[in-house]
Protein chains: 2
Amino acid sequence: MSVDGGGVPRPEGGPATTTRHAVTAEEVARRAGVSQSAVSRAFTPGASVAAKTREKVLAAARELGYRPNAMARTLITNRSRIIGVVMAYLDNLIYPDVLEKLAAGLQQRGYQMLLFTGFKDRHSDPVFEQIMQYRVDGLLLASTTLSSDLSDECAAAGVPVVMFNRMTEHPLCSSVTSDNRNGGRQIAEFLVAGGHRRLAYVAGVAISSTNRDREAGFREGLLRHGIGKIGHAEGNLELADTRAAARELFAADEPPDAVFAGSDHMALAVMEVARHEFGLRIPEDVSIVGYDDVGAAGWPSFSLTSFTLPVAPMVDAAVELMMEQIESSSILSHHRVVPGRLAVRGSARLPRRPVRDRDGTLIWAPGGTE
Amino acid sequence: MSVDGGGVPRPEGGPATTTRHAVTAEEVARRAGVSQSAVSRAFTPGASVAAKTREKVLAAARELGYRPNAMARTLITNRSRIIGVVMAYLDNLIYPDVLEKLAAGLQQRGYQMLLFTGFKDRHSDPVFEQIMQYRVDGLLLASTTLSSDLSDECAAAGVPVVMFNRMTEHPLCSSVTSDNRNGGRQIAEFLVAGGHRRLAYVAGVAISSTNRDREAGFREGLLRHGIGKIGHAEGNLELADTRAAARELFAADEPPDAVFAGSDHMALAVMEVARHEFGLRIPEDVSIVGYDDVGAAGWPSFSLTSFTLPVAPMVDAAVELMMEQIESSSILSHHRVVPGRLAVRGSARLPRRPVRDRDGTLIWAPGGTE
DNA sequence: GCTTTTTTTGCATGCGTATGCAATTTCTGG
DNA sequence: CCAGAAATTGCATACGCATGCAAAAAAAGC
């Protein structure tokens, strides 16, 4: 036994039933007339192999259809090159975009993405248990909140956690967010400059930092102009809830003449209700502003003025942060805040004069560069 | 050395820098005073372990924060319990939904999802190489096509392939689709019954089976009523292309009075152009029908008549098919076609009388059950 | 040509778990 | 209380690969 004389594979011949036997480095080694180590080295960038040997190995590998077994590699290197991504739900229109860009970014660095989603209502703990079993090198959390003890467990296991579009006070989690507070404030400035005095806010998930900051910024901006009391309703990022919230606002004794919704998803729903249930004209009767600047915001039917969530730079930052932590193998929490800008369209009344933030930066100017 | 007297972990004490040392079954075994095999068995449902032993083991595991290493398990069992999911892009509004439901379905059966996406333009081969290294138990392909040789490779490696919302003639791939042909035909019937005679089709990706079948059904239905020539433009499932296609159609000498777009995504874009660029009223001047019945189709602004893509049953079928093939470990291609129905709304003129398909089934009736 | 340095190679081992097998314990029935 | 059956347990091994180390080969220097 042993010599590979007859070991040629038969590409044709087999029926449609599988052998379920993957080619191993050992087999490639035999065929190439080298040791298994040589095969391993041929597939390891920067390893000590003669060019000629590598050629032989790669040729043999090609003939046999060999692919290194990532699982076995993980076992030794203690690096799976898998990032766990948790997105409880994908309703928000930005998430598909985030997912695409994230996958591309990770892929480029040789990482794969294990996705956990679709458990909107259920608890996330069992999911978390699964994640940990697969020895992910890092965890990216978007559209979900992780209870504090879970973060501890991650830290204990040495798994870096990056929160996306969410912040947490937990000392062991990093985060990437847009400048929610600033966004809220700029929207306040813009609406006040447009002559609005009766304002309302439609909240997303109340406990999320994102919602909290957007609202805080909005109120802060309004307060600068002496507006302390505003309408408030909860949309919870849900279609049905948001519609109810809109009805509540518009049916009030003193309905708002401008509404800021904490996300475009909700802003669009508010618009629908305003137009089709209350017959309101936008922006003549009511101005509506959103946050995120999703694709649909730019459609003529909506032409929604919205603060841009800078998805691409945010994803870049998240990937970068993740890589840093994986490589340093020390968990240091960094919080990155990416700036956005107000995309002014037609759903909110345009001010007559340029609008500036409190620090003087230009938010918008008539006939300006957009 | 050896006895575990002092081997208790210190939950407090360490700084924020990680140990990167995961607890192993061996350590749990020592702590519980049993063998490593016992630990393994305690975590294997149906294995031969005394209840008392299992308790001891689980207790020790809890104290140490032990989690079985899925990678090591994969190495032995030759089953990763990971399904590779390939979605080149997530633009189509149904995909996030598919992803959520798919994740939930797989999770429920103890499978995880390795997602490959975000390579719209690039070639998928390198991606495929990655997938295979992770020894996925199955491959689900949506919004992408796999070249024939890749399918062969999968078959050779014993990896079942299920195509979602796509078909292929390849003998080793299964597929789940909606009844595209039937959908196209029913839309034809409906539009003709509504009095339309100048029709047009906006195509998705020309070579995809989905597009092919929808168009074929549409033409077939029209032909039954003597309509052989229709307008045609390519939207390629892209926003920009679709807008261009719509302009082309509406600017023609004999513009259509009814347009069927091969997906809602495109139908909405056509609507936008019709209304805001050509000032057309819908459905008075032109009827527009889509396919997929995405969420936005139901918004009052669009009220898009659309053929329903039955996402939930399709995902169920896909998961089921996948599990079957994994368990039987034989690759037999099955093709499952899931029926849908026409969701009639306001974007297309309503016929005066009930509409029936050629086989007599009711498509729609005035004042009917929807 | 021979020694020294550098590069390349193979050997052996271990990563963390599952599992067949034989040894041991517990249970059952008389 | 004991023999036999059944349940439980531990031992040893294998899964596929990476890597430290020493041996071998090649290259360089004189």
Side-chain angles (χ1 to χ4, degrees), chain A residues 2 19-58 60-61 64-81 110 132-137 157-158, chain B residues 19-58 60-61 64-82 110 132-137 157-158:
Chain A
S2 74
T19 58
R20 204 73 186 110
H21 166 72
V23 183
T24 75
E26 188 62 44
E27 302 176 55
V28 176
R30 272 208 301 277
R31 186 174 185 82
V34 298
S35 73
Q36 180 264 319
S37 332
V39 176
S40 170
R41 291 189 177 107
F43 279 91
T44 306
S48 168
V49 213
K52 222 176 50 184
T53 310
R54 163 169 279 141
E55 286 313 312
K56 271 195 301 187
V57 170
L58 293 184
L64 296 179
Y66 168 76
R67 280 177 248 279
N69 185 326
M71 302 300 188
R73 172 181 294 157
T74 296
L75 206 53
I76 299 195
T77 60
N78 208 20
R79 299 291 222 76
S80 63
R81 299 194 80 83
M132 296 307 282
Q133 295 201 4
Y134 279 88
R135 297 299 189 262
V136 295
D137 288 346
Chain B
T19 58
R20 204 76 186 108
H21 166 70
V23 183
T24 75
E26 188 61 45
E27 303 176 55
V28 175
R30 273 208 299 279
R31 186 172 184 81
V34 297
S35 73
Q36 179 265 320
S37 330
V39 176
S40 170
R41 291 189 178 107
F43 280 91
T44 307
S48 168
V49 214
K52 220 175 55 184
T53 310
R54 163 168 280 141
E55 286 312 312
K56 270 196 301 188
V57 170
L58 293 184
L64 297 178
Y66 168 75
R67 278 177 250 279
N69 185 326
M71 302 301 187
R73 172 182 295 158
T74 296
L75 206 53
I76 298 197
T77 60
N78 207 21
R79 298 290 222 74
S80 62
R81 300 194 79 84
I82 292 180
M132 295 306 283
Q133 296 201 4
Y134 280 89
R135 297 300 190 263
V136 295
D137 288 345

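Convention: sequence-line order gives letters A, B, ...; per-chain numbering from 1. Both backbone and side-chain heavy atoms feed into the values below; hydrogens, waters and symmetry mates do not.
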Would you please confirm or rule out a distance under 4.0 Å between OP1 or OP2 of dA18(C) and any side-chain N or O of R73(B)?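 Yes, because at least one side-chain N or O of R73(B) sits under 4.0 Å from OP1 or OP2 of dA18(C).
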Report yes if at least one side-chain N or O of Y66(A) is closer than 4.0 Å to OP1 or OP2 of dC17(D); otherwise report no.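 Y66(A) to dC17(D) OP1/OP2: side-chain N or O found under 4.0 Å.
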Excluding sequence neighbours, so at least two apart, what forms side-chain contact (heavy atoms from CB on, under 4.5 Å) with [X]?
| X | result |
| --- | --- |
| E26(A) | T24(A), R30(A), Q36(A) |
| S37(B) | S35(B), R41(B) |
| I76(A) | none |

Please classify the nucleic acid contact of V34(A) as base, sugar-phosphate, or nothing, using heavy-atom distances under 4.0 Å.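 Answer is sugar-phosphate: V34(A) comes under 4.0 Å of backbone atoms only.
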Quick one: closest heavy-atom pair of [X] and [Y], and the distance?
| X | Y | value |
| --- | --- | --- |
| D137(B) | R81(B) | OD2-N, 2.7 Å |
| S80(B) | M71(A) | CB-CE, 3.8 Å |
| A42(B) | V49(B) | N-CG2, 4.0 Å |

Near DNA chain D, counting only heavy atoms under 4.0 Å, which residues of residues 45-54 of chain A show up?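 When residues 45-54 of chain A is checked for heavy atoms under 4.0 Å from DNA chain D, there are no hits whatsoever.
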Reported CG-to-CD distance for the pair L64(B) and E27(B), which is rounded to 0.5 angstrom: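 Result: 7.0 Å between the selected atoms.
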Would you mind reading off the bend of the helix from dG1(C)-dC30(D) to dG30(C)-dC1(D) from its two end axes, five pairs each, to 10 degrees?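 Rounded to the nearest 10 degrees, the bend comes out at 20°.
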Please report the distance, rounded to the nearest Å, between [atom1] in [X] and [atom2] in [N].
| X | N | atom1 | atom2 | answer |
| --- | --- | --- | --- | --- |
| N69(A) | dG16(C) | CG | P | 16 Å |
| Y134(A) | dG16(C) | OH | C1' | 15 Å |
| E26(B) | dA12(D) | CD | C1' | 13 Å |
| N78(A) | dG16(C) | CG | C1' | 11 Å |
| M71(A) | dG16(D) | CE | P | 13 Å |
| K56(A) | dT8(C) | NZ | C1' | 12 Å |

Residue pairs, two or more places apart or on separate chains, that pass side chain to side chain donor-acceptor pair (under 3.5 Å) and touch residues 66-75 of chain B: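 Counting only pairs at least two positions apart or across chains, the side chain to side chain donor-acceptor pair (under 3.5 Å) contacts touching residues 66-75 of chain B are E129(A)-R67(B), E153(A)-R67(B).
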Can you check each nucleotide of nucleotides 19-29 of chain C against protein heavy atoms at under 4.0 Å and return B for base, S for sugar-phosphate only, - for none, in 5' to 3' order? BBB--------
So V39(B) and K56(B), do their side chains get closer than 4.5 Å, heavy atoms only?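 Answer no - side chains too far apart.
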Is the shortest side-chain heavy-atom distance between V57(B) and V34(B) below 4.5 Å?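 Yes, their side chains come closer than 4.5 Å.
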